[in-house]
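Inspection log for the structure reproduced underneath, given as structure tokens.
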Amino acid sequence: MRFLTYFILCALSLVMISCKVSYGFTGASIPAGTQTFQVNYFQNNAALVEPGLDRDFTLALQDLILNQTSLDLVNSGGDLVYEGEITEYRISPTTATAENKAAQNRLTIGVNVRFYDRNNPEGDLEQRFSFFYDYPATAQLIGGTRDTAFAEIFERLTQDIFNATLAKW
């Protein structure tokens, strides 16, 4: 019985060591040899420009990857490279009252992302991601409403980008 236990432990160890792809609890499959990533500045090219949106989004994407992987953030020469631009920042009414007034508004933010894997060019990707936040028409998109909207939209956008590039979902 003791021999069988040692045999199983050794076999599992060999399997774990020989795997070419490492897996984490986040669902990310990071190829062996990949140690660094870089997130280039996401320029705001939307028709309606919100000051600081580009910086905040870039930092949110960096933070998510840092928190969900063991990769190191570098300014240049990363094994994985994220770049792109903010292509949409739009506020539009979504529902109306009986008096034909907006009852709810929707903030939509869209980004175009280019992802390059220097160790595996077949994993390169260019894709558009978009998400929205609905808020009452009586509220203005400033202060806490704005912060909540950005936090919710960034959380969804960055997670979608992570899933498409590293989790392959």
Side-chain angles (χ1 to χ4, degrees), residues 22-30 34-117 123-169:
S22 62
Y23 293 92
F25 292 112
T26 62
S29 57
I30 300 170
T34 302
Q35 298 175 346
T36 61
F37 76 98
Q38 75 184 62
V39 178
N40 295 335
Y41 189 71
F42 276 73
Q43 189 73 31
N44 191 346
N45 293 338
L48 180 61
V49 174
E50 173 69 24
L53 180 68
D54 40 10
R55 180 200 67 232
D56 294 344
F57 177 76
T58 302
L59 293 174
L61 184 56
Q62 288 175 349
D63 289 345
L64 179 99
I65 298 169
L66 280 171
N67 290 334
Q68 293 195 10
T69 68
S70 60
L71 298 173
D72 295 321
L73 175 64
V74 295
N75 291 327
S76 63
D79 296 322
L80 305 176
V81 178
Y82 292 85
E83 65 181 27
E85 52 277 337
I86 298 170
T87 57
E88 181 181 16
Y89 182 90
R90 179 173 37 97
I91 300 171
S92 56
T94 57
T95 58
T97 65
E99 296 85 37
N100 286 332
K101 293 183 180 178
Q104 197 171 35
N105 287 330
R106 173 172 287 178
L107 169 65
T108 304
I109 297 177
V111 295
N112 186 52
V113 176
R114 290 177 296 282
F115 169 77
Y116 304 102
D117 183 343
D124 292 356
L125 169 83
E126 181 168 358
Q127 186 174 338
R128 184 181 183 284
F129 298 88
S130 178
F131 198 67
F132 61 89
Y133 177 81
D134 293 334
Y135 62 97
T138 56
Q140 291 188 16
L141 194 59
I142 59 173
T145 304
R146 177 185 172 273
D147 295 344
T148 302
F150 283 9
E152 189 171 313
I153 291 171
F154 289 172
E155 179 181 347
R156 179 63 181 265
L157 286 175
T158 57
Q159 192 63 56
D160 286 351
I161 293 166
F162 179 85
N163 290 343
T165 58
L166 293 177
K168 306 297 185 198
W169 290 1

Original post:
CG of Leu107 to OG of Ser92: how many Å apart, nearest 0.5 Å?
Top reply: 8.5 Å

Original post:
Just wondering, do Phe42 and Val113 contact through their side chains at under 4.5 Å, heavy atoms?
Top reply: yes

Subject >> With sequence neighbours excluded, residues passing salt bridge (charged side-chain N to carboxylate O under 4.0 Å, His left out) with Asp160 >> reply: Arg156

Subject >> Leu59 side, atom CG; Tyr41 side, atom OH - distance, nearest 0.5 Å >> reply: 9.0 Å

**OP:** Could you list the residues that satisfy side-chain contact (heavy atoms from CB on, under 4.5 Å) with Thr94, not counting sequence neighbours?
**Re:** Gln104, Arg106, Asp134

**OP:** Identify, with sequence neighbours excluded, every residue that meets side-chain contact (heavy atoms from CB on, under 4.5 Å) alongside Leu125.
**Re:** Phe115, Gln127, Ala164, Thr165

Subject >> Point-to-point distance, once rounded to the nearest 0.5 Å, from CG of Leu141 to CG of Asn105 >> reply: 8.5 Å

**OP:** Can you run down the salt bridge (Lys or Arg N to Asp or Glu O under 4.0 Å) pairs that involve residues 59-70, sequence neighbours left out, and say none if there aren't any?
**Re:** none

Original post:
Taking the side chain as C-beta and beyond, is there a heavy-atom pair between Phe37 and Leu73 under 4.5 Å?
Top reply: yes

Original post:
Rounded to the nearest 0.5 Å, what separation is found between the CD1 atom of Ile161 and the CZ atom of Phe129?
Top reply: 5.5 Å

Original post:
Going from OH on Tyr82 to CG on Asn40, what distance comes out if it is rounded to the nearest 0.5 angstrom?
Top reply: 12.0 Å

Listing, residues 146-155 side-chain donor-acceptor contacts under 3.5 Å, not counting sequence neighbours, or none:
{"residue": "Arg146", "atom": "NE", "partner": "Glu50", "partner atom": "OE2", "Å": "3.0"}
{"residue": "Arg146", "atom": "NH2", "partner": "Glu50", "partner atom": "OE2", "Å": "3.4"}
{"residue": "Thr148", "atom": "OG1", "partner": "Gly144", "partner atom": "O", "Å": "2.8"}

Original post:
Quick one: are Ile109 and Tyr133 in side-chain contact, heavy atoms under 4.5 Å?
Top reply: no

Subject >> Working for side-chain contact (heavy atoms from CB on, under 4.5 Å), residues Leu64 and Gln159 >> reply: CA-CA 8 Å; Leu64 179 99; Gln159 192 63 56; 3.5 Å; yes

Subject >> Listed partners of Asn112 passing side-chain contact (heavy atoms from CB on, under 4.5 Å), at least two apart >> reply: Glu85, Thr87, Arg114, Glu126, Arg128

Original post:
Rounded to the nearest 0.5 Å, how far apart are CG of Leu71 and CD1 of Ile30?
Top reply: 4.0 Å

Original post:
Can you list the residues that meet the side-chain contact (heavy atoms from CB on, under 4.5 Å) rule with Val74, with sequence neighbours excluded?
Top reply: Thr36, Gln38

Original post:
Under 3.5 Å, is there a donor-acceptor pair between the side chain of Asp79 and the main chain of Asp117?
Top reply: no

Subject >> Close side-chain approach of Phe162 and Leu61, heavy atoms under 4.5 Å >> reply: no

**OP:** Sequence neighbours left out, what pairs pass salt bridge (Lys or Arg N to Asp or Glu O under 4.0 Å) with at least one residue falling in residues 51-60?
**Re:** none

